[in-house]
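Everything on this sheet refers to the single structure shown next.
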Amino acid sequence: MKKNNSIQQVSLLLLFLVLVMPLVVIGQSKVNTKLAPKYHNLFLEAGYSQKEIDAKVAKAYYDVFEGPNRVYFAVGDTMAYVSDVKNHDARTEGLSYGMMIAVQLDKKEVFDKIWRWSKKYLQHQSGPREGYFAWSINPETMKKNSEGSASDGELYYVTSLLFASNKWGNNTGINYYNEARRILDAMWKKDGTGNIYNLINTEHKQITFVPEGNNYNWTDPSYHLPAFYEVWALYAKDGHEAFYKECADTSRVFLHRACHPVTGLNSDYTEFSGAPHPTRWMPPGFRYDSWRVPMNIAMDYTWFGKDKTWQEDYAKRFQNFLRSKGMDTYDDQFNLDGTKPEFILQAGSVPKLRHSIGLVATAATASLVNKDKSKVDFVKAVWNAKLEPYEDGYFDPYYDGLMYLFSLMHLSGKYQIIQPK
């Protein structure tokens, strides 16, 4: 009897090893692959040394956050803000970008100071907008330019706070996880009361241009960050994981529709269908907001890789189009078919098309996606770019500077999913 039991136990063990263990290994492989993406260092692959690359990123950080043309300003010993200096305001876009850069580069003091300032001066503590942020304020007069929110600011705040929670824990003065959850939990309470809505249009599962009034019903392609929704599904733990994953997939499909089939260009603003959305202040076109789209696609490709075939084709089309306009001369605004626009969105004292470092930078990140060897010319272009004034004196250390720094981080493999320790 004991012998028969032993034979049965051995048989069951062999059956488990043959049938069940491969499934366990496959499951673990899927999890590990998902959370352990390969962060390519395209600068290294282009022939630059790691020492040169580290110095390049450090110099860019110094220029944007510490140098004479910095856009980061301390307020006392415990707070700081990031300013769009040429427009004389601080906006949630730049503040949340500053926090994302700080957590990626392990600048905890900078992160904490920006968050404290954002929370104190911009986050609504009561009323229909509770938990959301006023998107723009004059840091000299401390007068808000708007009480309303720009949805991308909250998107970056939440994701950078979740990363900070994973990186530094929640017991060093700021409970980063609770702060992220407060924004998300507040978002889910917005039901139209006071004309304020969810940051995400819950019917279309797409981020809104503004979660207020009719602006809830259209979008900005550069706000579409499927990688961030995937991060929320992993780390927010607020019970909306399935919804966030659906939003990520919806954003990927949306970008297929929003980007031109030949040039890869998208309009700054669109309907949820991807069709261009004209506004009272400008007609449709590829302009400053649009620069961020190739960088967002490169991030999603690197971090999660769930739409590789289309993204690789997009990157090829987009870079080929810009290359056709001259690597050192392509403009920073276009009609979607690649022709020169009649309307030029003004930046600085005069409306003028430029070969902007911000677009040079984000276009280079598409090299993380493009499989053609020719992509190295974009990598070298951003390496050789200078964050300095143009000949006519125009200089934007804020938007150009932040796009440039983000690009260097992506291309050096320093912009990563931050997992819990």
Side-chain angles (χ1 to χ4, degrees), residues 40-48 53 56 60 221-222 255-256 258-268 276 284-302 307-342 344-345 347 352-388 390-391 396 399-400 403-413 415:
H40 289 278
N41 185 336
L42 291 194
F43 291 132
L44 201 62
E45 294 175 22
Y48 304 105
I53 296 164
K56 176 73 75 172
S222 74
L255 289 167
H256 294 194
C259 297
H260 192 277
V262 178
T263 64
L265 300 173
N266 61 274
S267 187
D268 266 16
F286 178 92
R287 299 189 177 88
Y288 303 114
D289 274 23
S290 299
W291 298 357
R292 298 178 288 209
V293 170
M295 186 169 65
N296 296 343
I297 290 173
M299 178 193 291
D300 186 45
Y301 181 89
T302 298
D307 191 22
K308 285 191 169 184
T309 300
W310 180 84
Q311 290 171 340
E312 288 170 6
D313 179 65
Y314 159 83
K316 190 183 300 182
R317 284 185 283 119
F318 180 73
Q319 289 193 333
N320 283 347
F321 165 72
L322 291 182
R323 190 183 290 111
S324 75
K325 297 295 184 180
M327 283 299 296
D328 299 322
T329 56
Y330 60 78
D331 292 331
D332 56 8
Q333 299 182 47
F334 296 97
N335 294 321
L336 301 193
D337 63 1
T339 56
K340 186 167 290 192
E342 289 185 16
I344 299 172
L345 184 59
K352 184 177 181 178
L353 295 174
R354 301 179 181 278
H355 183 65
S356 291
I357 186 175
L359 180 55
V360 169
T362 59
T365 64
S367 297
L368 289 161
V369 188
N370 192 349
K371 294 301 181 183
D372 288 356
K373 290 183 179 179
S374 61
K375 67 186 182 182
V376 73
D377 53 0
F378 283 90
V379 176
K380 291 183 175 179
V382 73
W383 181 272
N384 294 323
K386 305 290 184 186
L387 185 60
E388 59 188 20
Y390 290 81
E391 290 182 2
D396 181 14
Y399 195 63
D400 277 340
M403 294 302 103
Y404 174 62
L405 180 49
F406 270 145
S407 176
L408 296 184
M409 291 162 57
H410 277 297
L411 292 168
S412 61
Y415 200 149

Just by modelled atom types, is the [Y] backbone N or O under 3.5 Å from a matching donor or acceptor in the [X] side chain?
X	Y	answer
Asn266	Ala258	no
Asn335	Lys340	yes
Thr263	His260	no
Asp337	Thr339	yes
Asp331	Gln333	no
Asp396	Tyr399	yes
Ser267	Gly285	yes
Ser222	Arg292	no
Thr302	Ala298	yes
Thr365	Ala361	no

Quiz item: Side-chain contact, heavy-atom cut-off 4.5 Å: His355 with Asp332?
Solution: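 No. Closest side-chain heavy atoms not under 4.5 Å.
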
Exercise. Identify whether NZ of Lys or CZ of Arg in Arg354 sits under 6.0 Å from the centre of the six-membered ring of Tyr390 and within 45° of that ring's axis.
Key: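 The answer is yes; both the distance and angle limits are met.
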
Exercise. Report yes or no: is the cationic atom of Lys308 (NZ for Lys, CZ for Arg) closer than 6.0 Å to the six-membered ring centre of Tyr301, at no more than 45° off its axis?
Key: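 That pair qualifies as a cation-pi contact.
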
Quiz prompt | Non-hydrogen atoms of Leu336 and Phe286 that approach each other most closely | solution =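 Here Leu336 and Phe286 meet closest at CD2-N, 3.9 Å.
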
Practice problem: Please report the closest heavy-atom contact between Gly264 and Tyr314, naming both atoms and the distance. | Solution: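 Minimum heavy-atom contact is O-CE1, 3.3 Å.
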
Self-check item: Between Asn370 and Glu312, a side-chain donor and acceptor under 3.5 Å
Solution: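 Glu312 and Asn370 do not have a side-chain donor-acceptor pair below 3.5 Å.
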
Exercise. Would you tell me whether Ser412 and Asn41 have side-chain atoms, one donor and one acceptor, within less than 3.5 Å of each other?
Key: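 No.
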
Self-check item: Heavy atoms from other residues, nucleotides or ligands near NZ of Lys56 exceed 12 (cutoff 6.0 Å)
Solution: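 Above 12, so yes.
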
Self-check item: Lys380 side, atom NZ; Tyr48 side, atom OH - distance, nearest 0.5 Å
Solution: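 Output value for this atom pair is 5.5 Å.
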
Quiz item: When rounded to the nearest 0.5 angstrom, what is the spacing between CZ in Phe378 and CG in Leu411?
Solution: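 The CG atom of Leu411 is 12.0 Å from CZ of Phe378, to the nearest 0.5 Å.
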
Self-check item: Worked check of ring-ring contact (aromatic ring centres under 6.0 Å, His included) between Phe321 and Tyr330
Solution: CA-CA 9 Å; Phe321 165 72; Tyr330 60 78; 8.5 Å; no

Exercise. In plain terms, say whether Asp377 and Arg323 are close enough for a salt bridge, that is, a side-chain N and a carboxylate O under 4.0 Å apart.
Key: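 The answer is yes: the pair qualifies as a salt bridge.
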
